[in-house]
Amino acid sequence: MNVEKKAHSNCRRSLIYIAAKSQPEMVRRLDELGWNTFIAENLRQANDICCNQNISVGLIEISDPEMAAKFLPQLVNVVESDLNWIALISPLQLQYSETLHTISQFCYDFVTTPIPFDRLAVTIGRAHGMRMLVKKKNEIDYAASAQFGIIGSSNAIKTVRHNIATFAASDAPVLIVGETGTGKELAASAIHALSRRGKAPLVAVNCGALQASLIQSELFGYEKGAFTGADRRVIGKLEAANTGTIFLDEIGELPSEQQVNLLRVLQEHRVQRVGGHAEVKLDLRVIAATNADLEQAVQDGRFREDLYYRLNVLLLSLPPLRDRIEDIEILAHYTFKTYFHERIKNVRDFSQDALTAMRLHTWPGNVRELINRVRRALITCERPLIGVDDLGLDSLVVNGAARSLNDARSRAEYELACQILRQTGGNVSEAARRLNVTRATLYRLIRKYDISPGAAVLH
């Protein structure tokens, strides 16, 4: 690999300079400005450099409109996604609208040739400073977005975390509703951990996974000799959760007979083991969860109305992942870091196309599906950046017709910008904060897609 590198110390910052040929004079001037400069002549070299060096800023020579339109988007997608790129262009290139469009979309700034090094020094310094600022902000936001293990920064997930903290202060029953994979058990664990019962047992029971003939003995326990094979006394799940919390997952699958028995336990705070006569006094909190429509089940006669209202004192609704698009990237990176130790190759991040595809995917399996896809990609990906195919999203379909990833990226940008502007009532500053971009970047998107903040609210 033909890569020219200046010797550097740990205290010096590093940048990558992409040029058609070696530029010793440029390297010397950048060295005087305090930068270790790595020169790459093509995409492969640039990728190798960024894999092995701590690069914070990128310089790229734009020699013609075709290079700007084709090479720059590839570069941003394949190389470090959070680098601030500075384009070096001749004044002649400013006559081409395609070049201007590409640079405004993919670059932090530009400098025209002949290069004024005093200005370049300031531009590089600002680009580096902004990258460090965004990195620090992301670290703070990341810590804040992981409270109780409930990951995300959307308004919907902030409401969930607020409700968890509020419900934890009470002993009232909680009913958690949400689609499969939205984190119902995680929410139940958080409520229990924050409550006064946090040091007592949390016992989970999947009502949908138990055989109907075994549910009563599993929940209530049994005495020795209660039935064939009962050679000893066994404590049931309800009794095992005494002084703590019982989590009844898939409560909608509980058979009618056991619904009556559970209602009696909730009313009397006592349990009687199968085959026994003595009653055991219980002091526990009940948290139930379902992905079914219990109100409809009550109307259909499949679930007892009195039990439904006994369980549904505090209602916690978990939103599906498709309704909190802004959390997808946060969740993807959280999962990446969690399972990073499982990687086999030198995987270091997601490509921009992969992030776009994830935003467009409908996630029928919700957070659980996202975790599985990212974890599998970490193990199987053989490139530095996880791609769309590594996530199994390569057959991306938009509105029933296959689209290019450039179209998909544009659609994702447009829809996400409109969604956040709607949520913020057209407040551009607040929308930019939620999107984790600068106001200038959001204004560029608004101009690019001809979005009216006020119209987006009514959209």
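Throughout, numbering of the chain's residues begins at 1 and tracks the sequence.
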inquiry  = For H333 together with F350, are the ring centres under 6.0 Å from each other?
reply    = yes
Quick check on E185: does its CD atom have over 12 non-hydrogen neighbours (other residues, nucleotides or ligands) under 6.0 Å away? no
Rounded to the nearest 0.5 Å, the OG atom of S170 sits from the CZ atom of R285 at a distance of 5.0 Å
Might you confirm whether atom CZ of R126 has over 12 heavy atoms from other residues, nucleotides or ligands at distances under 6.0 Å? no
What I'd like to find out is whether the side chain of V265 reaches to under 4.5 Å of the side chain of R270, using heavy atoms alone. no
*asked:* With heavy-atom distances below 4.5 Å as the criterion, would you say the side chains of T180 and R368 are in contact?
replied: yes
Separation between NZ (K237) and CZ (F220), nearest 0.5 Å, reads 13.5 Å
| query | Any chance CD of E305 has more than 12 other-residue heavy atoms, nucleotides or ligands included, within less than 6.0 Å? | reply | no
- Task: For residues V57 and Y108, determine if any side-chain heavy atom of one lies less than 4.5 Å from a side-chain heavy atom of the other.
- Result: no
Does the side chain of L59 come within less than 4.5 Å of W85's, by heavy atoms? no
Query raised in the report: If you measure only the distance, is there a donor-acceptor pair under 3.5 Å linking the side chains of Q296 and D300?
Result: yes
### Query
Does a side-chain heavy-atom distance below 4.5 Å link L284 with V286?
yes
(message) Using side chain to side chain contact (heavy atoms under 4.5 Å, CB included), reason through L393 and R373 one step at a time and then give a plain yes or no.
(response) CA-CA 9 Å; L393 300 176; R373 287 185 182 275; 3.7 Å; yes
ask   = Are S154 and D327 linked by a side-chain donor-acceptor pair shorter than 3.5 Å?
value = yes
Item to complete: Assess the side chains of E179 and N291: does a donor N or O sit below 3.5 Å from an acceptor N or O?
Response: no
Given the rule in the salt bridge (Lys or Arg N to Asp or Glu O under 4.0 Å) test, do D171 and R196 qualify, once you have shown the distances and angles that lead to the verdict? CA-CA 9 Å; D171 245 3; R196 68 177 182 85; 2.5 Å; yes
When rounded to the nearest 0.5 Å, the distance separating CG of L321 from CD1 of I328 is 4.5 Å
*Evaluation steps, side chain to side chain contact (heavy atoms under 4.5 Å, CB included), between I150 and I164*: CA-CA 10 Å; I150 310 294; I164 285 173; 3.9 Å; yes
Closest non-hydrogen contact found for L314 with A172 is CD1-CB, 4.0 Å
message: Is the shortest side-chain heavy-atom distance between L83 and I55 below 4.5 Å?
response: yes
Interatomic distance, CD1@I344 vs CG@L378, rounded to 0.5 Å, equals 10.0 Å
_Could you check whether any side-chain N or O of S351 sits under 3.5 Å from a backbone N or O of I386, counting only pairs where one atom can act as donor and the other as acceptor?_
yes
C107 versus I86: any side-chain heavy-atom pair under 4.5 Å?
no
inquiry  = Measuring only between side-chain heavy atoms, which start at C-beta, is R233 closer than 4.5 Å to Y222?
reply    = no
| message | Does Y309, at its OH atom, have more than 12 non-hydrogen atoms belonging to other residues, nucleotides or ligands within less than 6.0 Å? | response | no
Shortest non-hydrogen pair, A289 vs L175, comes out as N-CD1, 4.4 Å
Let's go through L219 and L248 carefully: what are the C-alpha distance in whole Å and the side-chain angles of both, what is the deciding distance for side chain to side chain contact (heavy atoms under 4.5 Å, CB included) to 0.1 Å, and is it a yes or a no? CA-CA 10 Å; L219 286 177; L248 302 172; 4.1 Å; yes
Separation between OG1 (T335) and CD1 (I330), nearest 0.5 Å, reads 11.5 Å
Worksheet item: Does the Q272 side chain pair with the main chain of A278, one donor and one acceptor, at a distance under 3.5 Å?
Response: no
Problem set entry | Crowding at CD, E295 (>12 non-hydrogen neighbours, <6.0 Å) | no
Under a 3.5 Å cutoff, is there a donor and acceptor pairing between the side chains of R375 and N372? no
Closest non-hydrogen contact found for M358 with W363 is O-NE1, 2.8 Å
Closest non-hydrogen atoms of V160 and P319, given as atom of the first, atom of the second and distance, are CG2-CD, 3.8 Å
(Q) One pair to check against side chain to side chain contact (heavy atoms under 4.5 Å, CB included): R304 and V298. What are the steps and the verdict? (A) CA-CA 6 Å; R304 291 183 63 94; V298 169; over 6 Å; no
Of all heavy-atom pairs linking S56 and H128, the shortest is OG-ND1, 2.9 Å
Donor-acceptor side-chain pairing of Q258 and N261 below 3.5 angstrom = yes
Nearest heavy-atom contact between N84 and A127 is ND2-O, 2.8 Å
Using the rule given for salt bridge (Lys or Arg N to Asp or Glu O under 4.0 Å), can you reason through D389 versus R383, listing the C-alpha separation, both sets of side-chain angles and the distance that settles it, and then say yes or no? CA-CA 11 Å; D389 54 334; R383 297 164 294 192; 2.8 Å; yes
So, E223 and R273, do they make that salt bridge, N to O below 4.0 Å? yes
Aromatic ring pairing F336/F340, orientation class (parallel under 30°, perpendicular over 60°, tilted between)
tilted
CG (L421) and CD1 (I446) are apart, to the nearest 0.5 Å, by 5.5 Å
